[in-house]
> 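Here it is, the structure in full.
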Protein chains: 2
Amino acid sequence: MSPNQPSPPAGEVRRGQPPTLRDVAEAAGVHAATASRALNPSTRRLVSAETARRVMKAAKTLGYQPNPIARSLKTAKSSTIGLVIPDLTNPLFPPIVRGIENVLEAEGYSAWIVNTDNDPERERSRIDSLRSRQVEGLIVATARLDHPFLEKLHEQGVKMVLVNRRTENLAIPCVTADDATGIALAVRHLVDLGHTRIAHLAGPHSTSTGVVRARAFRHAVRDHGLEDDSRLIVECAHWNEADGAAATRELLDRATPFTAIVAGNDLIALGSYDVFAERGISCPEEISVVGFNDMPYLDKLRPPLTTVRVPHHDIGAEAARMLLDCIDDPTRHPRSLLLPVTMVVRASTAPLR
Amino acid sequence: MSPNQPSPPAGEVRRGQPPTLRDVAEAAGVHAATASRALNPSTRRLVSAETARRVMKAAKTLGYQPNPIARSLKTAKSSTIGLVIPDLTNPLFPPIVRGIENVLEAEGYSAWIVNTDNDPERERSRIDSLRSRQVEGLIVATARLDHPFLEKLHEQGVKMVLVNRRTENLAIPCVTADDATGIALAVRHLVDLGHTRIAHLAGPHSTSTGVVRARAFRHAVRDHGLEDDSRLIVECAHWNEADGAAATRELLDRATPFTAIVAGNDLIALGSYDVFAERGISCPEEISVVGFNDMPYLDKLRPPLTTVRVPHHDIGAEAARMLLDCIDDPTRHPRSLLLPVTMVVRASTAPLR
DNA sequence: CTGGCCAGCGCAATCGTTTGCGTTAAATCT
DNA sequence: AGATTTAACGCAAACGATTGCGCTGGCCAG
């Protein structure tokens, strides 16, 4: 046996229970209060170097792990934040989650993840339960442009930062991808390939991402001297394949000619793929498609999807950092962070013949 | 304003703080102990119906939410379990997580999710931190066949159930897919298509899933009267695309003829796809491939991947149920649950020409 | 009429930490 | 040398809930 293995406490314990602060205090021959101060780096200067050393040694040999529950009760801080997402099953979110947890972990924080399935009622109840668990802040990925519940929470002083999407209220800090530039990149790519009639399958206009990308699309086509034809824009009810497919069908049925599609996101583009298969349309020969997000395994699709890569991991990491900043300094001015995106050209886009 | 909105406490509060049990007791004109008993359904019979009613009414009008931290400290129960997975980013896991949370939520439990990235050291430290957070049990998806750490935890009485994979020790309950049947289905499907020389890209033999599927593969080919040629089996170092690709290359380089591959899982099959592209091999014309798991978006691949569908959501749900059972009744006999799988035939498999 | 029982409730300890305050003894100043 | 600061530490009260135990008063039986 190695001398100091942390998992099973090496030293003698009181009664089979994990050692408490009192146990290490006793072992070090001091009072629990002193042990507490010795163990906490920020109060360690209150005890002599010698006793601090003794206490820390005792803690190590006993395998002492502070009880976060007791600590939370006293300090009213839980070292815990809530993470509110629509659905973990959407490949968009796991990288964000990992990014968040990476920075949280380094600061001794952890995250509670809840799924709302885009149901406002469920969102309320899950957030209520998060708050009763004393989370110190929220990272929210379910924002809609008009979102009174979130606004109310913010007014109540609940610390939060939005990811991916925003509300209309700019007072709530958020970190998102640079959607406008991404769309501009996508349009420019298609224009470079010779396309002049480009359609847009917009995301739901209830979300900031949906309207920002749609607006950026119109700007971009005009910037290239193309006609801004509203018949070439159709809005999807949700950010998923089914609604992407429905929108594609409607677009096709409008019979306004076009040769390329800028999809609101990758899932919507996948919906287009389904309709192409349905109707025997070949991509990219007849219609080029570009997605948005660069979710995993897009390179293995038929055809590999050209898309705009957004740094999901970084979005999560930055959001977590921002939230921790807000918690540390509540007077902090809210900031909005825009993360750069890049174009990933694959085989779903081709030169106009 | 509606008379009783739960989020912002409606009644008067002490000092801007959320109301405590004592506040409720005071409002109802009873002692905190009585209020506690009145509010808890299982102790409610200890107070008179009339006082119970008064207390509950006071709690509602004050918007009282019990403080789970204080409760946990006293009861040493956290209504919390730990979920240990390799990497949330692997599309295998989100559905399992959702399944788990669905049943947990109904019982008032929540899950802490930690990622180990398959690093044993990280696994130890994350599980230690989970335990210090007083989780009541663990759902573990990172089991290796030989896994002394998990065994030790189990011996220490840590309640846990394994998902997807198992240890050699059968004393630890687990819920997995019926891997053997799945592989048999895959082999039969290929045999029905006329294939006689079938290869297997096995998962790592350090995992139960890897060895069970490999063994099932050999049994299946023999059952069909085919030759069990060990040159047609190569083990992947990990369950991912890169190692799947490496294994595929090795298989090809062995120059033992074969016309079909049973991949250990979908990710490994995707690795094969990469190599096919590399070497100009066409699938399914030259080589048929079947995967395992049926992860999302496989139907949009080039070609759509034939695979074995495993009910990930159910696996999670059953595991959670099993863990809650173990917590409720610690004397419970460990069970191993095998969930049925189904064949999903798409276009990566074709009749032998 | 007295003793015993029980329903209903309050008292106070407890869970493991943190922290304001008081106490001691050593160190510094005049 | 005596007065005063200060470093180091202990005491005890919190944080908010749960729970064993004891007390009260009403009820019934003997």
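Residue numbers start from 1 in every chain, and the chains themselves are labelled A, B, ... in the order their sequence lines are given, proteins ahead of strands. No hydrogens, no waters, no symmetry mates; every other heavy atom, side chains included, goes into these values.
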> If you compare every side-chain N and O of A/R71 against the phosphate oxygens of C/dT18 (OP1, OP2), does one of them come in below 4.0 Å?
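Yes.
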> Whole angstrom is fine here: how far is it from CG in A/L73 over to C1' in D/dA14?
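For the pair A/L73 CG and D/dA14 C1', the rounded distance is 9 Å.
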> Test side chain to side chain donor-acceptor pair (under 3.5 Å) on B/S129 and B/S132; report intermediate values, then the result.
CA-CA 5 Å; B/S129 110; B/S132 83; 5.4 Å; no
> Determine yes or no for a side-chain-to-main-chain donor-acceptor pair under 3.5 angstrom, with B/S36 supplying the side chain and B/A32 the backbone.
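No; judged by distance alone, with no hydrogens or angles, the pair does not exist.
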> Please state how far atom CZ in B/R44 lies from atom P in D/dT18, giving the value in whole angstrom units.
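Roughly 12 Å, once rounded to whole Å.
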> What closest approach, in Å, do B/E101 and A/N115 show between heavy atoms, and which atom pair accounts for it?
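Residues B/E101 and A/N115, closest heavy atoms: OE1-ND2, 3.2 Å.
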> Separation of B/K77 atom NZ from C/dC15 atom C1', in whole Å?
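These atoms are roughly 14 Å apart.
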> Give the rounded distance in Å between these two atoms: NZ of A/K74 and C1' of D/dA12.
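A/K74 atom NZ is separated from D/dA12 atom C1' by 10 Å.
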> Measure the distance from CG on B/N40 to P on D/dT19 and round it to the nearest whole Å.
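Rounding to the nearest Å, CG of B/N40 and P of D/dT19 are 8 Å apart.
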> Could you tell me how far apart A/L21 (CG) and C/dT18 (C1') are, to the nearest whole angstrom?
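Checked: the CG to C1' distance equals 9 Å.
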> Would you please confirm or rule out a distance under 4.0 Å between OP1 or OP2 of C/dT17 and any side-chain N or O of A/S36?
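No, because none of the side-chain N or O atoms of A/S36 sits under 4.0 Å from OP1 or OP2 of C/dT17.
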> Once you apply a heavy-atom cut-off of 4.0 Å, does A/P66 come out as touching a base, just sugar-phosphate, or nothing?
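Sugar-phosphate only.
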> Please report, rounded to the nearest Å, how far the C1' atom of C/dC15 is from the CD1 atom of A/I69.
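Distance check: A/I69 CD1 to C/dC15 C1' gives 10 Å.
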> Specify the closest pair of heavy atoms between A/A52 and A/R44, including all atoms of both residues, with the distance to one decimal.
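Of all heavy-atom pairs spanning A/A52 and A/R44, the closest is CB-CG, 4.1 Å.
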> So B/R126 and B/D117, salt bridge (charged side-chain N to carboxylate O under 4.0 Å, His left out) or not? Walk me through it.
CA-CA 11 Å; B/R126 302 312 291 146; B/D117 289 318; over 6 Å; no
> For C/dT18, take OP1 and OP2 only and decide whether either is under 4.0 Å from a side-chain N or O of A/T75.
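Answer no for this pair, as no side-chain N or O of A/T75 is under 4.0 Å from OP1 or OP2.
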> Taking protein heavy atoms under 4.0 Å as touching, what does nucleotides 6-11 of chain C look like 5' to 3' if B marks base contact, S marks sugar-phosphate-only contact and - marks none?
--SSBB
> Check step by step if side chain to side chain donor-acceptor pair (under 3.5 Å) holds for A/S110 and B/R133.
CA-CA 11 Å; A/S110 307; B/R133 282 181 188 276; 2.9 Å; yes
> Under 4.0 Å between a side-chain N/O of A/R22 and OP1 or OP2 of C/dG16, yes or no?
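Answer is no, no contact under 4.0 Å.
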> Nearest-Å distance, OH (B/Y64) to C1' (D/dA17)?
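Result: 7 Å.
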> Ignoring hydrogens and angles, state whether a donor on the side chain of B/T80 or B/Q134 is under 3.5 Å from an acceptor on the partner side chain.
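Checked: B/T80/B/Q134 side chains show no N/O donor-acceptor pair below 3.5 Å.
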